[in-house]
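In what follows, a single structure is set out as structure tokens and then discussed.
Chain letters run A, B, ... following the sequence lines, proteins first, then strands; residues in each count from 1.
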There are 2 protein chains.
Amino acid sequence: MIDEMNEICAECCIHEEKVKAVQADMPGIETIFALADTFKTLGDPTRLKLLFALMQQELCVCDLAALIEVSESAVSHQLRVLRGQKLVRFRRDGKNLYYSLDDDHVRTLFAQGLEHVRE
Amino acid sequence: MIDEMNEICAECCIHEEKVKAVQADMPGIETIFALADTFKTLGDPTRLKLLFALMQQELCVCDLAALIEVSESAVSHQLRVLRGQKLVRFRRDGKNLYYSLDDDHVRTLFAQGLEHVRE
DNA sequence: TAAACATATGAATATATGTTCATATGTTTA
DNA sequence: TAAACATATGAACATATATTCATATGTTTA
């Protein structure tokens, strides 16, 4: 009863054809979630700093921590997130792990994002 | 004392020249935060859906809510966030507010992001 | 092989964020 | 002008997330 009233009320102003047409051309839900995850990963200052640094050259965890002035543990945690999104990779050299960019889309994404930021 | 020890210990493995060189070419902190805010805004499925819908055509709040199956209140809150980032704008027509994209960078950002998602 | 080292990882905590619910605002219509 | 309507907004709440701290892992060196 109440549900029905709500539904009627909620739908009173909807332009149905329009909604259906737009709905038909929307990306699938998995695509949306995957894309959101990617952007969410880029949406943190610490991770952005890491990526900007790695855009220049490969660096070990220790150097990254010194560079962006965050604890090595925090850096390590964030690198894990970036690895999960296949944005960075690493190679081992003795005791050190050297991280580098694993995806050139980051460069174009940053360029586009910066254009937006600069309005 | 202890601080000094920590500092020495923490810096023992740092490749100083490298760090300084990279640091010199990093974007400013305001730029990083602004860019992070932009990506963070794009990092939510609800907001992504709204933007994908608005990429097709302008729509009123009511239609957007029906389209992405979220309450009108939630839509309104998220549109506010998008407005704050100057990603959408609106015009009033009688009782309705019609929202539309306010920035074409969104299209290129989505295109790049999707390329990454598709590996 | 034990100690030192570089890094990873899990748990804990504090903060940020998204949705809901209740209410306010601005516009049209009766 | 009062009622209906479309939307906005603030507070509350539950969940997600970033950092810290303690500890574990894998590598080198003494």
Side-chain angles (χ1 to χ4, degrees), chain A residues 2 5-15 19 32-33 36-37 39-50 58-85 88-100, chain B residues 2 5-6 8-15 19 32-33 36-50 58-85 88-100:
Chain A
I2 287 171
M5 280 178 66
N6 283 338
E7 219 171 316
I8 290 168
C9 180
E11 289 186 8
C12 61
C13 65
I14 293 174
H15 216 220
V19 169
I32 299 233
F33 273 80
D37 277 343
F39 284 131
K40 195 180 299 181
T41 301
L42 300 179
D44 173 75
T46 299
R47 288 192 292 267
L48 275 193
K49 287 180 205 167
L50 290 172
E58 73 168 8
L59 289 160
C60 69
V61 176
C62 180
D63 284 350
L64 285 167
L67 185 51
I68 70 177
E69 294 172 302
V70 169
S71 77
E72 290 180 27
S73 178
V75 167
S76 188
H77 277 293
Q78 297 307 338
L79 285 171
R80 198 163 112 97
V81 174
L82 294 173
R83 255 156 43 211
Q85 288 287 322
V88 303
R89 60 167 172 265
F90 65 93
R91 69 178 178 85
R92 180 178 279 278
D93 179 23
K95 287 182 275 193
N96 295 289
L97 297 185
Y98 283 90
Y99 279 83
S100 55
Chain B
I2 287 170
M5 279 180 66
N6 282 337
I8 290 167
C9 182
E11 288 186 9
C12 62
C13 65
I14 293 172
H15 216 218
V19 169
I32 299 232
F33 273 80
D37 277 343
T38 297
F39 285 130
K40 194 180 298 181
T41 301
L42 300 179
D44 173 76
T46 300
R47 289 192 290 266
L48 275 192
K49 287 180 204 166
L50 290 172
E58 72 167 9
L59 289 159
C60 69
V61 176
C62 180
D63 285 351
L64 285 167
L67 184 51
I68 71 177
E69 292 171 303
V70 169
S71 78
E72 292 180 25
S73 179
V75 168
S76 188
H77 276 293
Q78 298 307 340
L79 286 171
R80 196 161 113 97
V81 175
L82 294 172
R83 254 157 44 212
Q85 288 286 321
V88 303
R89 59 167 173 265
F90 66 92
R91 68 177 177 87
R92 180 178 278 279
D93 180 24
K95 286 182 277 193
N96 295 289
L97 296 185
Y98 283 90
Y99 279 82
S100 55

Check: Which is true for S76(B) with a 4.0 Å heavy-atom rule: it touches a base, it touches only sugar-phosphate, or it touches nothing?
Finding: base
Margin query: Does a side-chain N or O of T46(A) approach OP1 or OP2 of dA18(D) to a distance below 4.0 Å, or not?
Written below: no
Next item on the list: State, to 0.1 Å, how close P45(B) and I32(A) come at their nearest heavy-atom pair, and which atoms those are.
Entry: O-CG2, 3.9 Å
Notebook entry, point to check: Would H77(B) pass as stacked on dT9(D), i.e. its ring centre under 5.5 Å from the base's six-membered ring centre and planes under 30° apart?
Noted result: yes
Margin query: Taking the minimum atom-to-atom distance to the side chain of D44(B), which one of dT7(C), dG18(C), dA8(C) wins?
Written below: dG18(C)
Checklist line | Integer-rounded Å distance: dG18(C) C1' and E72(B) CD | finding: 17 Å
Item checked: Any side-chain heavy-atom pair of V88(B) and L50(B) under 4.5 Å -> no
Next item on the list: Report the distance from atom CZ of F90(A) to atom C1' of dT25(D), rounded to the nearest whole Å.
Entry: 13 Å
Checklist line | From CG (L79(A)) to CG (L97(A)), nearest 0.5 Å | finding: 9.5 Å
Next item on the list: Could you check which nucleotide pairs with dT17(C) in any of the strands shown, counting Watson-Crick or G-U wobble with both distances under 3.5 Å?
Entry: dA14(D)
Notebook entry, point to check: When the distance from NE2 of H15(A) to P of dC5(D) is rounded to whole Å, what number comes out?
Noted result: 18 Å
Note to self: Treating R47(A) as the side-chain partner and K49(A) as the backbone partner, does any N or O pair qualify as donor plus acceptor under 3.5 Å?
What the structure shows: no
Checklist line | N or O in side chain of N96(B) less than 4.0 angstrom from dT27(C) OP1/OP2 | finding: no
Next item on the list: Nearest whole angstrom, please: distance from the C1' of dG18(C) to the NZ of K40(A).
Entry: 10 Å
Next item on the list: Rounded off to whole Å, could you give me the CG-to-C1' distance for the L50(A) and dT7(C) pair?
Entry: 14 Å
Check: Is the backbone N or O of T46(B) less than 3.5 Å from a side-chain atom of D44(B), with the two atoms forming a donor-acceptor pair by type?
Finding: yes
Margin query: Just the rounded figure in Å: distance from P of dT20(C) to CD of E69(B).
Written below: 13 Å
Item checked: Spacing between F33(B) atom CZ and dA16(C) atom P, to the nearest angstrom -> 12 Å
Next item on the list: Would you mind reporting whether E72(B) and S76(B) have side-chain heavy atoms less than 4.5 Å apart?
Entry: no
Notebook entry, point to check: Does Q78(B) place a side-chain N or O at less than 4.0 Å from the phosphate oxygens OP1/OP2 of dT19(C)?
Noted result: yes
Note to self: Heavy atoms only, 4.0 Å cut-off, all strands: where does S73(B) land among base, sugar-phosphate and nothing?
What the structure shows: base
Check: 5'-most contact on DNA chain D: R83(B) or G43(A), nearest heavy atom basis?
Finding: R83(B)
Item checked: Any strand: nucleotide that pairs with dA11(C) via Watson-Crick or wobble, under 3.5 Å -> dT20(D)
Notebook entry, point to check: Mind checking who dT29(D) pairs with, Watson-Crick or G-U wobble, both distances under 3.5 Å?
Noted result: dA2(C)
Check: Quick one: is dA6(C) close enough that its OP1 or OP2 comes under 4.0 Å of any side-chain N or O from R92(A)?
Finding: no
Notebook entry, point to check: Are OP1 or OP2 of dC21(D) and a side-chain N or O of S71(A) less than 4.0 angstrom apart?
Noted result: no
Notebook entry, point to check: To the nearest Å, how far apart are L59(B) CG and dT7(D) C1'?
Noted result: 15 Å
Check: Reckon R80(A) has a side-chain N or O less than 4.0 Å from the OP1 or OP2 of dT9(C)?
Finding: yes
Next item on the list: Could you check whether Y99(A) gets within reach of a base, just the sugar-phosphate, or nothing at all, counting any heavy atom under 4.0 Å?
Entry: sugar-phosphate
